[in-house]
Amino acid sequence: MRGPNTKAFQQGFLKNMILSLQACSEFCISSSASGGAAMMSLQQRKYAIKSSADIAMATARGRGARWPQAVLASSSSPSRRLSKPSSSPGKKKNTRVCKKIVRRCLHTWRRSRGGTGGASSLARTRTAMICSREIARRLVRKRTKVLRKMIPGGELLDEISLLHEAVDYVAHLHAQVDVLRRISNAVQRG
Amino acid sequence: MDMNESGEKGMEGNASSGAAGIPVEWETQFSAAAFSCAPPQQQPQQVPMMDSAFASAGLWASTSQAMALSDVGAMSAARGGGGFLAPVPGFLPQGLGHFPVDSGFIERAARASCFGGGGGGVMAATAGYGAADHQPMNNAFSGSSEALLDHQRKDGNDKGEPELGRNGHDGVLSSEAAGGDCSSKGTSDSKKRRRPNEVMGGDQVQSANLPADSANESVHSKDKGEESSPATTTGPGKSKGKGAKETSESQKEDYIHVRARRGQATNNHSLAERLRREKISERMKLLQDLVPGCSKVTGKAVMLDEIINYVQSLQRQVEFLSMKLATVNPRLDLNIEGLLSKDLLRFPGVPSSSLGFSPEMMHPQLQLSQPGLIQGGAAGMANPDVFRRIMQAQLSAKEGSQMPHALNGSFSDVVQMAYPSLGSQDLSIRPSQDGFQM
């Protein structure tokens, strides 16, 4: 099977990247030759490289997952990819902190109430547990939503296949980073 | 562990793909399960998986280890409240897919029980398999296997017996085709009240058009109806359950029968939820292996958090690297010959010998692929046209101009020259990770 760390995948990826970058550079050349347009700015170049890497990864993946189609679809339509809002990492930290605080509070509350009466403590601990479970569920739901946004094509999937796609996507992203790093090192050296 | 996980995923594939496939694999699995007499609690995950595998194979008659994620997505999307049933008939031609499954299964069950007479009956039934109708066939099978079960019950073969009993019971209804011995089997069946799942078979096959046994069976199923109707999971029709045994009959409704574990609620909903939860935890475990530093983390929320962070970091790395490439490369030309000839060759990493590869082996592969390189590569999607189209769409959206329609001829030369050098080095050094089989 074509795992993301097989030689075949990485070679395919490289080949596709070369192809797309070639197409890109040709486009650049033609545009500059025809109209004398300015060379691509850094941002444009970076965008071109990144999108070509994404497309290369998606096409090298083949027919095994859902995210390649989403990547290709999003790249075919001329929509600018928005950068991730920087508030989400902060939000997650907050939720994690919140969860810890809530848990701590519940624990202390349980402990404090434990001394009052043995009969009611069981019910109270149960409610405390239930509350924490609900909180956990809410957190899970929030994070699932975030994960959906991050994985291409994840909006349509249900939880189980979302996790599956996440596994696949993470592995291939890893490979993509690897190849890009090698390319950049090679270009630097040469 | 690797086999375990791949087996799990294979089961997932069975559960999700729903395509009629070769019954051979799970038949062997079933025989493995049938021959193992250990109680379910002691066994590792594999045997319940085998059970569920063999049982689910009856539903989908698929044993493909290769999971198609798209199929998974489709199936999961269609799941829920009977939505799952919709794709299955599409995949299974009227339950024909599990015909060989049933016969083979019963064959093996007969062999497992070591009864010549019963085996003969099964063989006879198998012989007439192709000619007979669906219902009488299964009923004939079940009738003969019921005979086996009567004897086998005293053996105490925990594993094989319930499944046999289930299957046997399933066909008892219309076993008149087998020759009338089924009525006796039906009465003997009523004595066996241990297997709560049998009533499901009875319920399902009740619409069979054999009066005598159906009357028998309806009584029988009513007897058992109360105690085992909660045990059936009908709607979602999930195929996997750790420690849950599943039957292979699925004559009409393609239900999955899950046996509830001891001390657990046996609602339809709770069973389905339990299956779903188990699937999710399973995927979480896979993700745990993939995301570094998540071995000690338990719990969905924190795990999801780690995954999100990791994906974000990877995406940021990609952006950073592409920015770096853009700065180094003022013209996006990527001196390909220079690149491939010197630096990618010298890239450090695990040598190919550790992978079991050899550069000589890669050479013929690449040389074969060279002629087809420009035409479209292995994936079929790696087409220069694809790239041209996509880059055209992207760049024209930003620049507002058209792209040239032909690649440089020199490009193909360069690539063809470059790829022999590619063959002699390792581009992908890391061995494929465990548990990730695509």
| task | Name the region of B:Lys300, side chain, backbone, both or neither, that has any atom closer than 4.5 Å to a heavy atom of chain A. | result | both
| B:Val302 and A:Leu139: side chain to side chain contact (heavy atoms under 4.5 Å, CB included), yes or no, with the steps? | CA-CA 9 Å; B:Val302 188; A:Leu139 280 173; over 6 Å; no
| request: Specify the closest pair of heavy atoms between A:Val177 and B:Leu314, including all atoms of both residues, with the distance to one decimal. | output: CG2-O, 3.7 Å
| query | Just wondering, do A:Leu163 and B:Leu304 contact through their side chains at under 4.5 Å, heavy atoms? | reply | yes
| request: Can you see which heavy atom on A:Leu180 is nearest to which on B:Leu325, and at what distance? | output: CD2-CD1, 4.0 Å
| said: If I take atom CD from residue B:Gln312 and atom CG from residue A:Leu173, how far apart are they, to the nearest 0.5 angstrom? | reply: 11.5 Å
| query | Is any NZ, NE, NH1 or NH2 atom of the basic residue among B:Arg283 and A:Glu159 found under 4.0 Å from an Asp or Glu carboxylate oxygen of the other? | reply | no
| field | Nearest-0.5 Å distance, CE of residue B:Met303 to CZ of residue A:Arg143 | value | 11.5 Å
| How far does OG of A:Ser161 sit from NZ of B:Lys279, to the nearest 0.5 angstrom? | 10.0 Å
| query | Closest heavy-atom contact between B:Ala301 and A:Ala136? | reply | CB-O, 4.4 Å
| message | Working to the nearest 0.5 angstrom, can you tell me the gap between A:Met150 CE and B:Tyr310 OH? | response | 12.0 Å
| Would A:Lys149 and B:Ile308 satisfy side chain to side chain contact (heavy atoms under 4.5 Å, CB included), going step by step from the backbone distance to the final call? | CA-CA 10 Å; A:Lys149 277 186 229 146; B:Ile308 288 171; over 6 Å; no
| Quick one: CG on A:Asp168 to CG on B:Leu290, what's the gap to the nearest 0.5 Å? | 9.5 Å
| request: Check whether any side-chain heavy atom of B:Lys324 lies under 4.5 Å from a side-chain heavy atom of A:Asn185, and answer yes or no. | output: yes
